[in-house]
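Just so you know, residue 1 is the first one in the sequence shown, and it goes up from there. None of the values given here were measured: they were computed from a predicted structure.
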Amino acid sequence: METDTIAAISTTVGEAGIAVIRVSGRESISIVDSLYKGKKSLLQAETHTVHYGHVLHPETALPIDEVLVTVMRAPRTFTREDVVEISCHGGVIPVQEVLEAVLYAGARLAEPGEFTKRAFLNGRIDLSQAEAVIDIIRSKTDKAARMAAAQAEGRLSQLIRRLRQDILETLAHLAVNVDYPEYDAEQMTAELMQDRLQKVETEIDALLRTARQGKIYREGIATVIVGRPNVGKSSLLNALAQENKAIVTDIPGTTRDVIEEYVNVRGIPLRLVDTAGIRETEDLVEQIGVKRSHQALSEADLVLLLLNFAEPLAEEDRKLLKVAKEHTSVVVVNKTDLSQALDMETVKSLAGNLPLIHTSLKEESGLDQLEETILGLFMEGKAAAADATYVTNTRHIHLLKKAKDHVRDTLTGIESGMPLDMAEIDLKEAWQSLGEIIGDAVAEDLIDQIFSQFCLGK
């Protein structure tokens, strides 16, 4: 376990009202005190108090910046170590000079995620809670942030620990019957073990059923807007983003590259990609854009195919309708405020069972129906329940499936007449897999890999 003192900038570097430099470790208070000039020494400061003063240059003793210093003593801190936070003026120069002074005085520059890693190693949080911190930082919608916050508070951890305890009690009961038959303990029968393990399997299943929705809220839906030039792709991106992110003109081929933007559709983050219009073209730059459009299309979770209500169906439209049927897609017939030239019967025939939405982005009509359709496709028409526990992390999903497989193998063995003591191997594997979710049983290199995803200062 690391015991040296670390420091890092915990706020975004750049012009801002304030910036925060976080210091954690056994010597954090004395290191900052050696640079601090205020009414009293920080060494005598009570825990969780804020002190006004200046940070002095360690060599010249000249003031670097006017600061507020927050002193927090172990163990009531995020890392369970002594923590000092220096709030100075925002801006590249003052922040960097204060950090350099702290490092000169004896602290080490923290690695990405090292503060949260120490919180984990010191027992302040478990591994699933630590991963939730990343999700809070990266969340794109309020619902995604609330899910991550619930996990950070330990809601998923409590469920996992209860499941592990149920398996452990089953193993202990089995061990007593096998190793100490002389003790007057309840006999572990096949029926009793089946009953216990079926309950565990049911709870794991319930968690896994939340995985699809949870991953959507965490990672978003990779959504590609495709169509011929000038059908309103950029207008749709702007309408969903509720601001002008893409250039909109009447000139075909304005969008030469893919434009990405996260948008919030009823709490669901959509990673929206506005592609170059797909058509045959002699323009070399536009050809590159069309090629990238096809690449984005192949990687999409959702395809929004736009057609022009005011133009006849073109060969490119027919090709795109064929491609759209190979994906989860919605056909959006735009420009319904203009005179109809599109043969809707042919469109319906080519679209098959794909949802068909009519919009006029100019008049801002049809967007509500489009959002409801997307919600229905990916969330079965239901938004996330506020009190539910969702599994959002791919690593957790994999381990839950692995644990379920071991429980299912045990149940299958019991049903086929396998001796109960042979169930021990699979049950231990299930217990181990669940332990890896919360970090009770996990390799050190995996821990390093997880915390390397964090930003500096967290």
Residues at least two apart in sequence or cross-chain that pass side-chain hydrogen bond (donor to acceptor under 3.5 Å, both in side chains) with Glu371, listed by chain then number, are Arg266
| query | Are Leu377 and Val330 close enough that some pair of their side-chain heavy atoms sits under 4.5 Å apart? | reply | yes
What one should report as the nearest heavy-atom pair of Arg73 and Ala45 is NH2-O, 2.9 Å
Interatomic distance, NZ@Lys233 vs CG@Asn238, rounded to 0.5 Å, equals 12.5 Å
Sorted by chain and number, sequence neighbours left out, side-chain contact (heavy atoms from CB on, under 4.5 Å) with Ala130 holds for Thr116, Ile125, Phe451
Across all chains, not counting sequence neighbours, the side-chain contact (heavy atoms from CB on, under 4.5 Å) partners of Asp126 are Ser128, Gln129, Ser157, Arg161, Ile438
- Task: Start with the C-alpha distance between Lys402 and Asp409, add both sets of side-chain angles, then the distance that settles salt bridge (Lys or Arg N to Asp or Glu O under 4.0 Å), and finish with yes or no.
- Result: CA-CA 11 Å; Lys402 189 176 175 182; Asp409 287 345; over 6 Å; no
Quiz prompt | Within 6.0 angstrom of Met422 CE, more than 12 heavy atoms from elsewhere | solution = no
Distance under 6.0 Å and angle within 45° of the ring axis: does Lys140 meet both against Tyr262? yes
For residues 32-55, the salt bridge (Lys or Arg N to Asp or Glu O under 4.0 Å) pairs (sequence neighbours left out) are none
When rounded to the nearest 0.5 Å, the distance separating CD of Gln194 from CD of Glu201 is 11.0 Å
side-chain hydrogen bond (donor to acceptor under 3.5 Å, both in side chains) filter on Lys404, not counting sequence neighbours, yields Asp205
Does one side chain, of Asn264 or Thr141, offer a donor that lies under 3.5 Å from an acceptor on the other?
no
_Using side-chain heavy atoms (C-beta onward) and a distance below 4.5 Å, is Ile204 in contact with Leu163?_
yes
Note to self: Between Asp195 and Lys199, does the salt bridge (Lys or Arg N to Asp or Glu O under 4.0 Å) criterion hold? Intermediate values first, please.
What the structure shows: CA-CA 7 Å; Asp195 181 59; Lys199 289 177 181 176; 3.7 Å; yes
On a heavy-atom basis, the closest approach of Ser87 and Val20 is OG-CG2, 3.9 Å
Taking every heavy atom of Leu43 against every heavy atom of Ser30, the minimum-distance pair comes out as CD2-CA, 3.8 Å
(message) Does Lys215 form a side-chain contact (heavy atoms from CB on, under 4.5 Å) with Ile397? I'd like the steps, not just the answer.
(response) CA-CA 10 Å; Lys215 279 195 71 178; Ile397 294 167; 3.4 Å; yes
Given side chains that start at C-beta, do those of Thr223 and Val263 come closer than 4.5 Å, heavy atoms only? no
Hits for side-chain hydrogen bond (donor to acceptor under 3.5 Å, both in side chains) against Ser24, two or more places apart or cross-chain, chain-then-number order -> Thr79, Glu81
Closest non-hydrogen atoms of Phe78 and Ala119, given as atom of the first, atom of the second and distance, are O-CB, 3.1 Å
* To do: Side-chain contact test, heavy atoms from C-beta onward, threshold under 4.5 Å: evaluate it for Val303 versus Ile225 and give yes or no.
  => no
Worksheet entry | Sub-4.5 Å side-chain heavy-atom contact between Glu261 and Leu270 | no
Between Val69 and the options Val23, Leu35, Leu42, Ile29, the side chain to side chain contact (heavy atoms under 4.5 Å, CB included) test singles out Leu42
Hits for side-chain contact (heavy atoms from CB on, under 4.5 Å) against Ala190, two or more places apart or cross-chain, chain-then-number order -> Ile414, Leu420
Practice item. Kindly say whether Asn393 contributes a backbone atom to a donor-acceptor pair with the side chain of Arg218 at under 3.5 angstrom? Key: no
Charged N to carboxylate O below 4.0 Å: is that the case for Arg118 and Asp4? yes
Residue pairs meeting salt bridge (Lys or Arg N to Asp or Glu O under 4.0 Å), one or both in residues 14-31, sequence neighbours left out, come to Arg22-Glu85
Is any side-chain heavy atom of Val92 less than 4.5 Å from a side-chain heavy atom of Val13?
-> yes
For Leu361 and Ala239 the tightest heavy-atom approach is CD2-CB, 4.2 Å
Is the shortest heavy-atom distance from the side chain of Ile160 to the side chain of Leu207 under 4.5 Å? yes
Output for pair (Met72 CE, Ser28 OG), nearest 0.5 Å, gives 9.0 Å
Assess whether salt bridge (Lys or Arg N to Asp or Glu O under 4.0 Å) is satisfied between Arg162 and Glu203, documenting all intermediate values.
CA-CA 10 Å; Arg162 192 176 74 239; Glu203 290 203 44; 2.4 Å; yes
- Message: Between Thr394 and His396, is there a side-chain donor-acceptor contact under 3.5 Å, judged purely by atom types and distance?
- Response: no
Between side-chain atoms of residues 426-435 and protein atoms elsewhere (two or more places apart, or another chain), which donor-acceptor pairs fall under 3.5 Å?
| unit_1 | atom_1 | unit_2 | atom_2 | d |
| --- | --- | --- | --- | --- |
| Asp426 | OD1 | His406 | ND1 | 3.0 |
| Lys428 | NZ | Glu424 | OE2 | 2.9 |
| Ser433 | OG | Glu429 | O | 3.0 |

Interatomic distance, SG@Cys88 vs CD@Glu97, rounded to 0.5 Å, equals 10.0 Å
The complete set of side-chain hydrogen bond (donor to acceptor under 3.5 Å, both in side chains) pairs with one or both residues in residues 55-66, sequence neighbours excluded, reads Tyr52-Glu66, Glu59-Tyr104, Asp65-His89
Arg212 side-chain N/O to Phe378 backbone N/O, donor-acceptor pair under 3.5 Å: yes
The single option from Leu306, Asn334, Val332 that satisfies side chain to side chain contact (heavy atoms under 4.5 Å, CB included) with Val231 is Leu306
| said: Do Leu411 and Gln198 have side chains that approach each other closer than 4.5 Å (heavy atoms only, starting at C-beta)? | reply: yes
Looking only at heavy atoms, the pair that brings Pro355 and Thr373 closest together is CB-CG2, 3.6 Å
Residue set satisfying side-chain hydrogen bond (donor to acceptor under 3.5 Å, both in side chains) with Arg395, at least two apart, ordered chain then number -> Glu131
So CG of Leu156 and OG1 of Thr210: to nearest 0.5 Å the spacing works out to 8.5 Å
Hits for side-chain contact (heavy atoms from CB on, under 4.5 Å) against Ile134, two or more places apart or cross-chain, chain-then-number order -> Arg138, Gln453, Phe454
Between the CG atom in Leu272 and the CD1 atom in Ile221, the distance rounded to the nearest 0.5 Å is 10.5 Å
